[in-house]
Amino acid sequence: MATPTTETKSYQSFAEFYPFYLSQHQVVTCRVLHFCGTLSVLILLLGLVVSGQWQWAWLLPLLGYGPAWVGHFFFENNRPATFKYPLYSLLGDLVMFWQLASGKISFK
């Protein structure tokens, strides 16, 4: 089980931030929840674009953050990086999603 981190560093670039981001996602269940949440967001976003039913856009943050935060609070036992680094964390989630999907990093 991961330990809580109190990160106070100020990152100058995403390349500098991303190793920290990955360190906050070491528990398999947390990575799976992030992956599923991001996949759900991408599927819904595609559906919104195709259908034009934008009244369902309010579900995007719920589908994205809900599973991810469950992963952090109940499995990683740490605070989501998005609270302190919202843009880097969003980019980190997308990069981690792609790396998990492509096998560059594992769910382990």
Side-chain angles (χ1 to χ4, degrees):
M1 181 178 296
T3 57
T5 301
T6 55
E7 181 67 24
T8 58
K9 182 174 170 83
S10 178
Y11 294 100
Q12 301 303 312
S13 69
F14 177 73
E16 187 182 332
F17 170 80
Y18 192 58
F20 164 72
Y21 184 83
L22 286 178
S23 78
Q24 300 302 290
H25 301 86
Q26 295 180 19
V27 175
V28 174
T29 306
C30 186
R31 286 188 181 194
V32 169
L33 288 167
H34 269 266
F35 187 86
C36 292
T38 303
L39 181 60
S40 297
V41 165
L42 294 173
I43 290 169
L44 177 59
L45 190 57
L46 178 63
L48 294 175
V49 169
V50 169
S51 71
Q53 300 291 317
W54 292 102
Q55 70 270 22
W56 298 105
W58 64 271
L59 286 170
L60 291 168
L62 183 68
L63 289 174
Y65 288 120
W69 289 359
V70 167
H72 285 285
F73 292 126
F74 296 104
F75 297 99
E76 284 284 353
N77 296 312
N78 62 19
R79 191 169 181 230
T82 194
F83 292 152
K84 185 162 184 177
Y85 309 102
L87 295 178
Y88 279 165
S89 292
L90 176 60
L91 184 55
D93 187 64
L94 294 173
V95 170
M96 185 173 73
F97 174 82
W98 177 250
Q99 290 181 333
L100 288 165
S102 66
K104 184 171 182 182
I105 59 175
S106 75
F107 284 98
K108 298 178 185 178

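A distance-only check finds no donor-acceptor pair linking the side chain of Gln26 to the backbone of Glu76 [under 3.5 Å]. Proximity of a side-chain donor or acceptor of Ser89 to a complementary backbone N or O of Pro86 within less than 3.5 Å is not detected. In this structure, the side chain of Arg31 does not engage the main chain of Gly71 through any donor-acceptor pair within 3.5 Å.
Two residues are said to be in side-chain contact when any heavy atoms from C-beta on lie closer than 4.5 Å; Lys9 and Phe17 fail this criterion. Between Leu91 and Leu87 the shortest side-chain heavy-atom distance does not fall below 4.5 Å. For the pair Arg79/His72, no side-chain contact is recorded, criterion being any heavy-atom separation below 4.5 Å from C-beta on. Side chains of Leu60 and Leu44 form a contact here, defined as non-hydrogen atoms less than 4.5 Å apart. Phe74 has its side chain out of reach of Thr29: every pair of non-hydrogen atoms, C-beta onward, lies at least 4.5 Å apart.
Shown here for Ala15 and Pro19, the closest heavy-atom pair between the two residues is O-CD, 3.2 Å. A pairwise comparison of heavy atoms in Gln12 and Ser10 identifies NE2-O, 3.6 Å as the closest pair. Here the closest non-hydrogen pair linking Ala81 and Phe20 is CB-CE2, 4.1 Å. Counting all heavy atoms, side chain and backbone alike, Trp69 lies closest to Pro80 at CD1-CG, 3.4 Å. Nearest heavy-atom pair, Phe75 versus Val27, reported as atom, atom and distance to 0.1 Å: O-CG2, 3.8 Å.
The cluster map of Ile, Leu, Val, Met, Phe, Trp and Tyr, joined by side-chain heavy atoms under 4.5 Å apart, puts Leu48 and Leu62 in the same cluster. Neither Leu45 nor Phe97 shares a network with the other; the hydrophobic side chains, linked directly or stepwise wherever heavy atoms of I, L, V, M, F, W or Y lie under 4.5 Å apart, form separate groups for each. Note on Ile43 and Val49: separate hydrophobic clusters, where clusters join Ile, Leu, Val, Met, Phe, Trp and Tyr whose side-chain heavy atoms are under 4.5 Å apart, directly or indirectly. Note on Val70: it does not cluster hydrophobically with Val41, by side-chain heavy-atom contacts below 4.5 Å among ILVMFWY residues. Linking Ile, Leu, Val, Met, Phe, Trp and Tyr whenever their side-chain heavy atoms come within less than 4.5 Å puts Tyr85 and Met96 in one cluster.
For Gln55, the side-chain hydrogen bond (donor to acceptor under 3.5 Å, both in side chains) partners two or more places apart in sequence, or in a different chain, are Gln53. With sequence neighbours left out, Tyr88 forms a side-chain hydrogen bond (donor to acceptor under 3.5 Å, both in side chains) with no residue at all.
Of the candidates Leu39, Val32, Leu33, Leu33 is the only one forming a side chain to side chain contact (heavy atoms under 4.5 Å, CB included) with Pro67.
Aromatic ring orientation, Tyr21 versus His34: perpendicular (interplanar angle above 60°, classes split at 30° and 60°).
Taken to the nearest 0.5 Å, the CH2 atom of Trp56 stands 11.5 Å off from the CG atom of Leu63. Here the CH2 atom belonging to Trp98 is positioned 14.5 Å from the CG atom belonging to Asp93, to the nearest 0.5 angstrom.
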